[in-house]
Amino acid sequence: AQSVAQPEDQVNVAEGNPLTVKCTYSVSGNPYLFWYVQYPNRGLQFLLKYITGDNLVKGSYGFEAEFNKSQTSFHLKKPSALVSDSALYFCAVRLPTDKLIFGTGTRLQVFP
Amino acid sequence: DTGVSQNPRHKITKRGQNVTFRCDPISEHNRLYWYRQTLGQGPEFLTYFQNEAQLEKSRLLSDRFSAERPKGSFSTLEIQRTEQGDSAMYLCASSLGTGAGGYTFGSGTRLTVV
């Protein structure tokens, strides 16, 4: 079955420390991969995407993600976390039928 | 261009009433998508349009749900005879073509059925 997994419900990190939010997927072929962020009672804001090419993708607000085909992973990273990064993060995969399937989300909490 | 616009932002309705939501996509985007997000979950696909044609409907979309995009611009999502289980955030997104350029989401309409 096609699926996206975000194994951590919550990630806690101190401000200034690096952060990683994990995502693995089970989709056939060469899918498009996305990360979105959601603030309370808001829609989804696009962070970055991987379509093809360089496995390290840079996105908005200093975030980046590393695509690993052999491990079917697309982990989100940031070298130095900010308190304002605290939010809900979703990994998503585009299916060939042009719809997205999302993980269940990871809540990132950055402590001062 | 102000992005994807959804109205209303919040809707509280009594069980059994009908509700309609509107989505205005980015003007040059030919594809429009509806997703539903319940508390603690990621968004789930409901349906999508290319121009005015509805290309796919999820099994989640019962007969009480109907979506239209009559002129290939804005879209409406109607829920008839609402049930408490319909309470969720309804998200609209648009894209130019098949998503390689990304999908832009609106701020959503939060529906509460009481």
Side-chain angles (χ1 to χ4, degrees), chain A residues 1-10 21-25 27 29-53 57-60 63 65 74 76 87-107, chain B residues 2-11 21 23 25-26 29-50 53-61 88-112:
Chain A
Q2 296 164 322
S3 63
V4 176
Q6 293 182 242
E8 303 152 316
D9 289 338
Q10 181 154 328
V21 182
K22 296 179 181 177
C23 172
T24 59
Y25 64 92
V27 175
N30 299 308
Y32 301 169
L33 300 160
F34 300 85
W35 276 100
Y36 287 88
V37 60
Q38 187 174 40
Y39 294 96
N41 295 313
R42 302 293 302 222
L44 303 176
Q45 293 181 26
F46 171 79
L47 282 179
L48 49 79
K49 68 180 188 286
Y50 174 83
I51 306 298
T52 187
V57 179
K58 294 189 182 296
S60 305
F63 284 93
F74 189 54
L76 181 70
L88 189 56
Y89 290 79
F90 288 99
C91 179
V93 174
R94 175 193 175 275
L95 300 181
T97 51
D98 194 27
K99 59 188 179 189
L100 296 173
I101 55 171
F102 287 83
T104 51
T106 298
R107 185 164 301 283
Chain B
T2 56
V4 178
S5 176
Q6 291 189 248
N7 288 288
R9 291 294 308 277
H10 304 276
K11 179 71 177 179
F21 311 139
C23 172
I26 293 174
H29 285 185
N30 59 338
R31 291 203 167 189
L32 185 150
Y33 311 79
W34 286 98
Y35 288 80
R36 180 172 68 186
Q37 184 181 19
T38 54
L39 205 60
Q41 299 297 318
E44 295 174 297
F45 171 82
L46 292 178
T47 188
Y48 83 102
F49 295 82
Q50 175 163 298
Q54 188 172 20
L55 296 187
E56 186 175 347
K57 291 173 60 173
S58 164
R59 295 173 195 172
L60 294 174
L61 219 61
M89 173 81 89
Y90 290 83
L91 295 165
C92 176
S94 68
S95 72
L96 181 62
T98 58
Y103 303 84
T104 303
F105 281 80
S107 295
T109 294
R110 180 166 295 284
L111 173 67
T112 303

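Chain letters run A, B, ... following the sequence lines, proteins first, then strands; residues in each count from 1.
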Could you walk me through whether A:Phe63 and A:Tyr89 pass the ring pair (Phe, Tyr, Trp, His ring centres under 6.0 Å) test, one step at a time? CA-CA 12 Å; A:Phe63 284 93; A:Tyr89 290 79; 5.6 Å; yes

Apply side chain to side chain contact (heavy atoms under 4.5 Å, CB included) to the pair A:Asp98 and B:Tyr33, showing each step before the final yes or no. CA-CA 10 Å; A:Asp98 194 27; B:Tyr33 311 79; 2.5 Å; yes

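Of the listed residues (B:His10, B:Gln6, B:Gln41, B:Glu44), the one with the most heavy-atom contacts under 4.5 Å to chain A is B:Gln41.
Taking the six-membered ring for Trp and the full ring otherwise, the centers of A:Phe90 and A:Tyr36 sit at least 6.0 Å from each other. Between A:Phe34 and B:Tyr103, the ring centre distance stays below 6.0 Å.
For a residue to count as touching a neighbouring chain, one of its non-hydrogen atoms must lie under 4.5 Å from one of that chain's; by this rule A:Thr97 touches chain B with backbone and side chain alike. With a 4.5 angstrom heavy-atom cutoff, A:Arg42 touches chain B via backbone and side-chain atoms both. Of the two parts of A:Gln6, neither the backbone nor the side chain holds a non-hydrogen atom closer than 4.5 Å to a non-hydrogen atom of chain B. For chain B, the nearby parts of A:Lys99 are the backbone and the side chain; heavy atoms of each come within less than 4.5 Å.
No side-chain heavy atom of A:Tyr32 sits less than 4.5 Å from a side-chain heavy atom of A:Leu100.
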